[in-house]
2 protein chains.
Amino acid sequence: MKTAKIESLLQKSNVRPTAMRILVYNFLLENEAAKSLTDLENYFDKSDRTTLYRTIKTFEDKGVVHQIDDGTGTTKYALCEQGCNCQIETDLHLHFYCNICDETVCLTDRKIPNINLPDGYTAEDANLVIKGRCEKCPE
Amino acid sequence: MKTAKIESLLQKSNVRPTAMRILVYNFLLENEAAKSLTDLENYFDKSDRTTLYRTIKTFEDKGVVHQIDDGTGTTKYALCEQGCNCQIETDLHLHFYCNICDETVCLTDRKIPNINLPDGYTAEDANLVIKGRCEKCPE
DNA sequence: ATAAATCGTGCAACAGAAGTGCATTATTCA
DNA sequence: TGAATAATGCACTTCTGTTGCACGATTTAT
């Protein structure tokens with residue numbers, strides 16, 4: 001994607017498009033799998049950890065990326081779909097973690113099914129992670 | 001529950017019932033909510049962190065407790081039901097995290113629904129956490 | 001019953017991820 | 001241009017999880 005395009009996308013989300021932010025956005029865009037802060041740190045080894053940390057925090061606050069807790073212990077991030085509203089419960093898609101290649105992907109078209117909770121319980125949010133073998137890791 | 005009863009339960013799981021282990025088991029038994037290592041550490045402030053860590057690891061290896069990743073970033077543990085086999089996919093129940101009281105409970109009778117994955121994906125494990133308001137935290 | 005082997009416990013130290021404070025640099029706006 | 005605001009980089013801290021090693025307790029074999 002062209003830099004100018006990313007710039008305007010960031011601006012639309014009220015994120016000032018600095019050089020670093022455009023690079024990070026592009027990195028997330030080019031990778032199907034969700035990336036952790038450490039992944040970013042390793043890739044952008046010239047940049048500071050804190051900058052990357054705050055970049056991703058800003059993205060998250062402004063709805064550019066969403067957090068993924070895939071059970072590995074390290075939080076990962078993936079770009080939100082255009083028009084996605086990750087806060088809305090009905091938009092909650094599930095995530096798939098591959099035990100073989102250690103990558104996590106969004107299955108944006110698979111929503112978390114409705115769960116019938118016991119009396120007195122109210123659902124506000126949900127997180128579903130399926131672990132197994134992904135399409136890229138044949139047996 | 002009587003100490004003798006806990007002793008025999010531990011022995012049945014091939015865990016030698018030391019004083020510490022019986023205390024930890026009892027603590028988990030008396031608390032409906034799942035507990036973290038830090039919770040144990042705070043409660044048993046005379047005991048060492050490592051001992052508690054290894055106690056819970058032993059329990060986990062022997063199928064006495066199961067791990068819960070509730071998305072808070074800290075792993076919690078809860079006693080397995082009698083006869084529960086947490087490894088078996090069909091036995092996977094869901095967990096509920098209360099945003100108000102910050103406690104996590106097993107909803108053992110609610111199983112994770114079957115998910116239809118895209119072609120090429122194989123499920124081996126799953127984790128579903130619902131977040132919201134629990135029965136003890138009325139509005 | 002005693003010695004050898006094994007297991008449990010406690011201390012110290014480490015690793016990785018996440019987060020904060022502060023100074024410096026860059027950018028925007030009046 | 002200059003003041004205000006935002007972004008970046010460095011150092012440091014905290015929290016959770018984990019390992020190595022030594023000592024003490026318990027079990028097992030003789």
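In what follows, chains carry the letters A, B, and so on, assigned in the order in which the sequence lines appear, proteins first and then strands, with residues in each chain numbered from 1. Since the structure is predicted, the reported quantities are computational estimates derived from the model, not experimental observations.
Heavy atoms only, all atoms of each residue included: A:R110 and B:L117 are closest at NH1-C, 3.5 Å.
Between the CG atom in B:N26 and the CZ atom in B:R21 there is a gap of 16.0 Å [rounded to 0.5 Å].
Taking the ring centroids of B:F96 and A:Y121, they lie under the 6.0 Å cut-off.
Atom-to-atom, CG of A:D48 to C1' of D:dC10 comes out at 7 Å; the value is rounded to the nearest Å. Between B:I56 atom CD1 and D:dT16 atom P there is a gap of 15 Å when expressed in whole angstrom units. Between the P atom of D:dG17 and the CD1 atom of B:I68 lies a distance of 13 Å, rounded to the nearest Å. Atom CG of B:N42 is separated from atom P of D:dC15 by 11 Å (rounded to the nearest Å). As rounded to whole Å, 6 Å separates atom P of D:dG17 from atom OH of B:Y77. For the pair B:K76 NZ and D:dT16 C1', the computed distance is 13 Å after rounding to whole Å. Summarising the geometry, the separation between CG on B:L40 and C1' on D:dT16 is reported as 13 Å, rounded to the nearest angstrom. Whole-Å rounding puts the A:F44 CZ to D:dT8 C1' distance at 15 Å.
Just one residue in the list A:L23, A:N31, A:L29 forms a side chain to side chain contact (heavy atoms under 4.5 Å, CB included) with A:F27, and that residue is A:N31. In summary, of the residues considered (A:T55, A:L52, A:T74, A:T75), a side chain to side chain contact (heavy atoms under 4.5 Å, CB included) with A:L37 occurs for A:L52 alone.
The closest donor-acceptor contact from the side chain of B:N127 to the backbone of B:D69 lies under 3.5 Å. Between the side chain of B:K131 and the backbone N or O of A:D125, no donor-acceptor pair lies under 3.5 Å. A donor-acceptor pair is defined here as one N or O able to donate and one able to accept, closer than 3.5 Å; such a pair exists between the side chain of B:D39 and the backbone of B:S36.
Using a 4.0 Å cutoff to heavy atoms of chain B, the contacted part of DNA chain C runs 5' to 3' from C:dC7 to C:dA12.
Using a 4.0 Å cut-off, some side-chain N or O of B:K57 falls inside it from OP1 or OP2 of D:dT18. Residue B:Y53 places none of its side-chain N or O atoms closer than 4.0 Å to OP1 or OP2 of D:dG17.
Residue A:T74 is classed as a sugar-phosphate contact, given heavy-atom separations below 4.0 Å to backbone atoms only. Across all strands shown, B:T38 has heavy atoms under 4.0 Å from sugar-phosphate atoms exclusively, and none from any base. A:S36 comes within 4.0 angstrom of nothing in the nucleic acid, heavy atoms only. When heavy atoms are screened at a 4.0 angstrom cut-off, A:S47 is found touching the sugar-phosphate backbone but no base atom.
Counting only heavy atoms from C-beta outward, the side chains of B:I56 and B:L28 approach each other to under 4.5 Å.
Connectivity analysis of hydrophobic side chains (ILVMFWY, heavy atoms under 4.5 Å, direct or indirect) links B:V129 to B:Y97.
At a non-hydrogen distance threshold of 4.0 Å, B:R16 from residues 13-23 of chain B come into contact with DNA chain D.
Looking at A:T50, its side chain comes within 3.5 Å of the base of D:dC10 through a donor and an acceptor atom.
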